[in-house]
Structures are given as C-alpha cells and as structure tokens.
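Report on one structure; see the data block that follows.
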Amino acid sequence: MNASSQSEKVDAIVVGAGLAGLTATALLAKSGVRVVALEATGAIGGSARTDVRGDFSLNLGPHALYRSGAGRAIYRELDIEVRGKLPPARGLALFDGALTKLPLGPWSTLTSGLLSFGGKIELGRLMSRLLSIDPEEHHETTVGQWLDENVRDRQLQQLIEALARLTSYANAPARQSAGAFFRQLKLANEAGVLYLDGGWQTLVDQLANRARKDGASIRTRAKVVALTRQERHWRAQLDNGQSYRADNVLITTSVGPAKRLIETAGTVVPDAWQHQKPVRAACLDLGLDSLPRPANRFVLGIDQPVYLSVHSASADLAPPGGAMIHVAKYLPPDTSSAPADDEAELESLLDLAQPGWREQVCERRYLPHITVANALDCADSGGIPGRPSHDSTRLRGVFVAGDWVGPEGVLSDASLASAKAAALAVMERRTISAAA
Ligand SMILES: Cc1cc2nc3c(=O)[nH]c(=O)nc-3n(C[C@H](O)[C@H](O)[C@H](O)COP(=O)(O)OP(=O)(O)OC[C@H]3O[C@@H](n4cnc5c(N)ncnc54)[C@H](O)[C@@H]3O)c2cc1C
C-alpha cells in the first residue's frame, strides 16, 4: 500500500489486538471475511500479554481462566488449545494480621480459626443456598445489600466479600451487582479455574496464528486515530498517515479510546458508555529462586483486600525449583491509596506467608494501578445486563467489543463473548448486503 495517500480496502477493520480483537479477527477470517487488525502498541495481546523474563513467564498480574466461562467455548470453536492446571481448592485466610485455614469445605471450615461456632453453622447453611440462587434476580441488588439482608455473622460477611473480590476483582460491595458475583461464583463452583502453562500469551499467539492462517492481517504500531465516513465506507486513519477502508469496523479497545474514536466519527457517545468505572488492582509479580514455604500456596485477605497465589505450583511458569508468585491488592473504585503503601502491604503479606522471600527474588515487577476490567458491574446500572451492547455505537457498521460490553461473562469471558457477538453482526450485515 502507498503509505501516504491511498487506503487499502478490506471487508472489516478490527481496532485493537487484545483478546477481544484477536478473537473477532480469527472468527471473521475463519468465515472468509477479509480482515485487518490494527494494534496501537508494538505487541499484540493487550492485558493478556505474558512477559518472559529469564526462565519465568509473568502474566500481567494473576490470571485464572474460568473453565466453564463463555470464553472456553469460543476457544474450542477456534481450535485454540487451553493448556493449564487447576489450582487446589484450599488455602489460607488472612485475618487480623494472622493466617488461618480458608473455610471452603467441611473439614477446613471445622478446623479454621476464622469463624465462630455460630458463623460456621451459618456458613454450612449458606453454602448450598448461595449456589442455588438465581443470579438473574439480583442484578440490581448490591453485594452489600444482599449480605445485610441474608448473612448475620460479620466475619462470614467479610469472607463472602473476599470471594466477590477473588472472582471478579471488584472491591466495591456497596456498588457491585450481586447478580454479577453470583454468576461468577457458580462458574467457579461448576468447574473451577485453570492457571495456564506458559501464561496467557499462549492464547494470544494461537489466536493470532489462527487468524493469519485464515488470511487475516495483524499490524502492530498501527494506532487508529480517527474514523470517518467516505462514500459508502468507513475510513480508519492511523497515526502514521496510512488508512484502511471497510464497510465494517469493530472497536475492541478499552472504553476511553472507543469513546474518542466514535466521537471522531461524528456521533454522540451513548449514555450507557458514560458511567463506566474501571476495576483496578496493585500487582506484585515475582520470580523466586525457590519457595520458602511450599505449603503456603494461596492466601486470601478477609479483612484486607489482598491476594497471594503461587501460580507456578500449578502451571508451568517457572524453572525447576523456582516459583512464580502473584500478589495483588484489589483497589476500591472511589478512594485512592499511595502506590508505595500498597506495595508495602503486599510485601508484608509475603513476609507472613513466605518469610525469607526477599533473598530469593530473581524477577520483580510492581504494577501499582493496573486496569483489570473496564467496567465495574454496578447494581445501579443494572449489573451485567446493563452494559452497553456490541451494536450501541449508533453508527451503521461500527461495533464494539471488550470486557465492558455485552450481557455475558466478566473479565476475559466478556471480551470473548462480545467479540463473537460483534463478529456475528458483521457476518450478518455481509449476508444481507450480498442478498440485496
Ligand atoms: C491484573 C489482571 C488480572 C486479570 N485476571 C483475569 C482473570 O483471572 N481471568 C480473566 O478472565 N481475566 C482476567 N483479567 C482480564 C483480562 O486480561 C482482560 O479482560 C482481557 O485481556 C481484555 O482483553 P480486551 O481485548 O478486551 O482488551 P485489552 O487487552 O485492553 O486490548 C485492547 C487493545 O487495544 C489496543 N488499542 C487501544 N487503543 C487503540 C487504538 N486507538 N488503535 C489501535 N489499538 C488500540 C490496546 O493497545 C490493546 O492492545 C485480568 C487483567 C488484569 C490486568
């Protein structure tokens, strides 16, 4: 293509090459659509990238794949191999500055120091009830409201709040939709999660290879800065002066760049896009020479919003004898803390669970304020069903996908489910125009 003036014509342009963009690209290419994916940065994968440092594979913070989530079926459809292992369903609870057993099954509940006798009885009754709740009836109730109405024991309430953080990263009981939490809890209980061998980059690379094999083009350092209507087509303008034309555009960026792009197309940003609150975390990712306390593989904070997990104990992410640990703090949406204080809090959790860890550090990366998901599913906006839909841009042939879009899944499951919905919408438009 002539760099400056001409623009290449394709059937569909995908903006962004994270999981949503690559999934949409692979699905479109598989069905014969001529598609180009344009990624602003020098690397594909977005939040699902894995950095290889020495012999350690570091995801961007702790990533766990829900085995029965919406994404899994789409990976299958695209012949993407999901290779990983289930972490054990046991661990420790951090409460009042000390570690005790996390009460997740009958035996650990009995022997855990976390709950009083009354709290244990209440938990026993609650567990089967929690799993039989219909999430769809609770999208407009907050987690906090549900707990106030249904759970008496304060420590048990805190345990359930910790499970809500664990399954969705949201540290917002006064805002998070209980329906969103119950959906995740059901998924976790149905089939659990996988830590992936080699990290999430294995999914990213397979999706890209699959798309390329079916004829898609994936370009990096290709930031889309404007969308304009040119005759019957959309023109995606890149920051280097190049452009592409297509009948269909799928924007798979986070909500901020998506807003800016549809504004350049001359439309008003839909109301449902305006009130999105990101879910954020502070993450400390570590590669250790050896693990000081091999038994302490998983810790969940009950009265502190923190998490520690030795991902390499389940998945292939570290050299033999070494360990890859993710430690994280779930950041609340409405208040802020100093990154150095958050880091110190994560280090003191490590001191408690893995004393002597400092002498074993080979790789260390601190991400003080990373966006985990673009949208907290708030009860006051209707929870997951209240998210913007893939066709909410008000522009013909322009769709959106990502973890803030569509009525299905949270985190990467939402990215994949909305990517599929947007790709199907493009295919449908093509079928209609071919028939006309
Ligand atoms: C710490 C952490 C922990 C997580 N844990 C889990 C977990 O346990 N389970 C789970 O399922 N998910 C988890 N996630 C979430 C998961 O990683 C994301 O939901 C998913 O990767 C998002 O993919 P995406 O394609 O929707 O968006 P992104 O990954 O944000 O991709 C968007 C892409 O668009 C590009 N872009 C932006 N603007 C432009 C432009 N103008 N032109 C071209 N390209 C552009 C960006 O560079 C980026 O590559 C976690 C995320 C984090 C950060």
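Just follow the structure's listing: the first ligand is 1, and inside any ligand the first atom is 1. If you read the sequence from its start, that first residue is 1, and numbering goes on from there. This one's a predicted model, so the numbers in the text were calculated from it and none came from an experiment.
The nearest heavy-atom contact from the protein to atom 31 (O) of ligand 1 is G18 CA, 3.6 Å. Atom 12 (N) of ligand 1 has L411 CB, 3.3 Å as its closest protein atom, hydrogens excluded (heavy atom only). Remark: minimum distance from atom 22 (C) of ligand 1 to any protein heavy atom is reached at S415 OG, 3.5 Å. For atom 44 (N) of ligand 1, the closest heavy atom belonging to the protein is A40 N, 3.1 Å. With hydrogens left out, the protein atom closest to atom 36 (N) of ligand 1 is T253 CG2, 3.7 Å, a heavy atom. Distance from atom 35 (C) of ligand 1 to its nearest protein heavy atom, with residue and atom name: E39 OE1, 3.3 Å. Annotation: atom 34 (O) of ligand 1 to nearest protein heavy atom, G16 CA, 3.4 Å. Of all protein heavy atoms, the one closest to atom 27 (O) of ligand 1 is T252 O, 4.2 Å.
In this structure a side-chain-to-backbone donor-acceptor pair under 3.5 Å is missing from S112 to T109. Looking at R394, its side chain does come within 3.5 Å of a backbone N or O of V268 through a donor-acceptor pair. Checking side-chain atoms of S415 against main-chain N and O of A20 turns up no donor-acceptor pair under 3.5 Å. Using a distance-only test at 3.5 Å, with no hydrogens or angles considered, no donor-acceptor pair links the side chain of T50 to the main chain of S57. A donor-acceptor contact shorter than 3.5 Å links the side chain of R34 to the backbone of K9.
Salt-bridge check for R358 with E347: passed, with a basic side-chain N closer than 4.0 Å to an acidic carboxylate O. For the pair D214 and K30, the salt-bridge criterion is not met [side-chain N within less than 4.0 Å of a carboxylate O]. Using a 4.0 Å cut-off between charged nitrogen and carboxylate oxygen, R183 and E408 do not count as a salt-bridge pair. Ion pair K420/E77 flagged as a salt bridge, since at least one NZ, NE, NH1 or NH2 atom sits closer than 4.0 Å to an Asp/Glu carboxylate oxygen. Between D247 and R429, none of the side-chain N atoms (NZ, or NE/NH1/NH2) sits under 4.0 Å from a carboxylate O, so this pair counts as no salt bridge.
The contact set between ligand 1 and T41, taken as ligand atoms under 4.0 Å from a residue heavy atom, comprises 47 (O). Within ligand 1, counting atoms from 1 as listed, the ones closer than 4.0 Å to a heavy atom of A222 are 43 (C). Each of the atoms 21 (O) of ligand 1 lies under 4.0 Å from some heavy atom of A48. Below 4.0 Å from some heavy atom of C283 lie the following atoms of ligand 1, by number and element: 1 (C). Below 4.0 Å from some heavy atom of L60 lie the following atoms of ligand 1, by number and element: 1 (C), 2 (C), 52 (C), 53 (C). Here is the list of ligand 1 atoms found below 4.0 Å of a heavy atom in G402: 26 (O). Of all atoms in ligand 1, numbered sequentially from 1 with element shown, those under 4.0 Å from a heavy atom of P257 are 38 (N). Remark: ligand 1 atoms within the under-4.0 Å shell around heavy atoms of V15 are 40 (C), 42 (N), 43 (C).
Note on ligand 1: G71 sits outside its first shell, no heavy atom being nearer than 4.0 Å. Using a 4.0 Å heavy-atom cutoff, A281 is absent from the residues neighbouring ligand 1. Not a single heavy atom of V193 sits closer than 4.0 Å to an atom of ligand 1. The shortest heavy-atom distance from P62 to ligand 1 is under 4.0 Å. Between A373 and ligand 1 there is no heavy-atom distance shorter than 4.0 Å.
At a heavy-atom cutoff of 4.0 Å, ligand 1 is contacted by the backbone of L38 but not by its side chain. Of the heavy atoms in D403, both backbone and side-chain atoms come closer than 4.0 Å to ligand 1. Residue contacts with ligand 1, taken as heavy atom pairs separated by less than 4.0 Å, involve A20 via backbone and side-chain atoms alike. Contacts between L367 and ligand 1, counted as non-hydrogen atom pairs separated by less than 4.0 Å, are absent for every part of the residue. At a heavy-atom distance under 4.0 Å, no atom of A401 approaches ligand 1. Residue L22 does not touch ligand 1, judged by heavy-atom distances below 4.0 Å. The side chain of W200, and not its backbone, has at least one atom closer than 4.0 Å to an atom of ligand 1 (non-hydrogen atoms only; side chain from C-beta on).
The shortest heavy-atom contact between A353 and L308 is CB-CD1, 4.1 Å. Counting all heavy atoms, side chain and backbone alike, Q176 lies closest to A164 at OE1-CB, 3.8 Å.
Between H311 and Y195, the angle of the ring planes stays under 30°, which puts this pair in the parallel group of the 30/60° scheme.
Checked against a 3.5 angstrom limit, the closest N/O atoms of L19 and ligand 1 fall inside it. For the pair V224 and ligand 1, the shortest N or O to N or O distance falls below 3.5 Å. Polar contact check, V410 against ligand 1: no nitrogen or oxygen pair lies under 3.5 Å apart.
Listed by first and then second residue, the ring pair (Phe, Tyr, Trp, His ring centres under 6.0 Å) pairs that reach into residues 384-416 are W273-W404, sequence neighbours excluded.
One finds the OG1 atom of T335 at 8.0 Å from the CG atom of N171 (value rounded to the nearest 0.5 Å).
Side-chain atoms of S68 and E190 include a donor-acceptor pair closer than 3.5 Å.
Selection from R49, H63, R280 by nearest heavy atom to atom 50 (C) of ligand 1 gives H63. In this comparison of T371, N374, T23, L65, the heavy atom closest to atom 53 (C) of ligand 1 sits on T371.
Between W146 and F181, a ring centre-to-centre spacing not shorter than 6.0 Å is recorded.
Taking the side-chain contact (heavy atoms from CB on, under 4.5 Å) definition, one finds that A423 meets it with L27, L28, M427, sequence neighbours left out.
Checking each of R219, H233, R235 against Y244 for a side-chain hydrogen bond (donor to acceptor under 3.5 Å, both in side chains) leaves exactly one that passes, namely R219.
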